Amino acid sequence: MGTMQENTMARDKMNYHGERIAWIDIYKGLAICLVVIGHATGLFNLYIYQFHMAAFFFISGYAPPRRRNRNVVRTLWDKFYTLMLPYITVFLLMLIIEGMLNNLSLYGYFFPGNFSYIGFGNSIKQLFLYGNCYAWWMGGAWFVVELFAIEILHSVLVSLSNKSTFIYLALVGIVYYTGYYFIHRAAYIRIGPIYNDLAFIGLAFYSMGFLARQTRLLDRLTDTFTKKCFMCSLSISILYIFANVIPTTVDYPSRSFNDPVIDLLIGLNGCFFIFFVAKAVEKVRYLENIFACLGKNTLGVVFFHFQFFKLGGFLLYFLNIIPFSDISNLLPAYEAGTKWWWLFAVISLAASVAEWKMLTAIKGIRFFFGAERKFWGDIYMKISERNIKIYENK
């Protein structure tokens, strides 16, 4: 048997190359909490909106090495199943709910007047032809579509770079600045629901996560107590400066961007900040379990948290705290969100995770929520093997 230090190093090495790493789930949990809080209230948005989307793209790129060895076709196959199929499934589910509310004359109680119901067929056409999502409760799910595009784009650039980090970074830089070129000229190139300008910009943070994993950058920046203190202090200082001295925020859906270098700086700084917090939370047993659970069910929260803001609204209405008219708001009203943001966030997070777990546990439909990955992977292998045999027999 080895020493305790050797055993710890061996365990760390296994975790580094394994399926799940605890702090990554916690990181995702922290990130999705910030997203929900940012939608529930504007109190903290000068901080949250510096980096919240960048953090998700970054940690998505920080994936186990075996996943990064997939070719473009395999990446397209896998990511369609784990991202796009669940998105389409939830989109159709939301449209069915909207249709039911409309037929029961209850639609106006759940959605404000400017969020009209345009019908099932028209909603599908608007999404896939024009990129407009009329499933209103999926307002935060645009990220899933863009991440799908980023995964494919990243795989293409890796193939083009031929394992050269320099070429890969050069290609990423070109794509990143191209995204800002489109933004500044309002030239939004779209493929169905995918907006390429947003994917081009998000790719930079995904790539930084990809390279950070390859180089073990996060480990190197925090391998001593002195480095941890310095990097954490620097990160907090940058957060404070760009929230209070030079207020700078980024919002992807509204295309509110700044200088590409500044946006990259504050985005990456926020990624490091959440990393430091995640590593601290990892040492607190109950907090670790809570945020790891949220991290493992991030997709469900992305899809459903708008929907469950309604629960917080109904609760406050029954307590005579807000008027009934406030319930129809897509997001919490300003006054309610300012005071009761924590209630909206807790209810929405808990209910979203519960709904996602329920849907992905039902055998008849779990496949459509991306919960049968092994089965989907086996189909790919069978198709590949069949194609190889056909090719060899020619």
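In what follows, every heavy atom counts, from backbone to side chain, and hydrogens, waters and symmetry copies are set aside. Being a predicted model, the structure only gives us computed values, none of them experimental. Throughout, residue positions are numbered sequentially from 1 according to the sequence presented.
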Inset, instruction - Establish, for the pair R190 and Y130, whether the NZ or CZ atom is under 6.0 angstrom from the six-membered ring centre and no further than 45 degrees off its axis. - result: no
Inset, instruction - Mark yes when over 12 heavy atoms from residues, nucleotides or ligands other than F324 sit less than 6.0 Å from its CZ; otherwise mark no. - result: yes
Inset, instruction - In sequence, state the C-alpha distance, the side-chain angles, and the governing distance for M138 and Q307, and then conclude on side chain to side chain contact (heavy atoms under 4.5 Å, CB included). - result: CA-CA 8 Å; M138 292 182 68; Q307 180 184 32; over 6 Å; no
For [X], check side-chain hydrogen bond (donor to acceptor under 3.5 Å, both in side chains) against everything at least two apart and list the hits.
| X | value |
| --- | --- |
| S207 | Y168 |
| S233 | none |
| E151 | Y206 |
| N244 | Y47 |

Inset, instruction - Answer whether the closest heavy-atom distance between the side chains of P260 and I262 falls below 4.5 Å. - result: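 No, too far: nothing below the 4.5 Å cut-off.
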Inset, instruction - Would you check if F51 and F205 make a side-chain contact, meaning some heavy-atom pair closer than 4.5 Å? - result: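 They are not in side-chain contact.
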Legend entry - Residue pairs fulfilling ring pair (Phe, Tyr, Trp, His ring centres under 6.0 Å) with at least one residue in residues 218-251, sequence neighbours excluded: none
Inset, instruction - Output, in order, the C-alpha distance, side-chain angles, deciding distance and verdict of side chain to side chain contact (heavy atoms under 4.5 Å, CB included) for W23 and L218. - result: CA-CA 12 Å; W23 73 259; L218 297 180; 3.7 Å; yes
[X] and [Y] aromatic centres sub-6.0 Å:
| X | Y | result |
| --- | --- | --- |
| F57 | F143 | yes |
| W341 | F44 | yes |
| Y195 | Y188 | no |

Legend entry - No-hydrogen, no-angle side-chain donor-acceptor test under 3.5 Å, S235 and N269: yes
Inset, instruction - Say whether Y380 and D78, considering side chains only, have a donor N or O and an acceptor N or O under 3.5 Å apart. - result: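 Judged by distance alone, the side chains do not pair up.
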Inset, instruction - Check the pair F344, V36 against side chain to side chain contact (heavy atoms under 4.5 Å, CB included), reporting the backbone distance first and the verdict last. - result: CA-CA 9 Å; F344 283 107; V36 174; over 6 Å; no
Legend entry - Test log, rule ring-ring contact (aromatic ring centres under 6.0 Å, His included), inputs Y107 and F111: CA-CA 6 Å; Y107 188 86; F111 301 97; 4.7 Å; yes
Inset, instruction - Applying ring-ring contact (aromatic ring centres under 6.0 Å, His included), name anything that partners Y181, two or more places apart in sequence or on another chain. - result: none
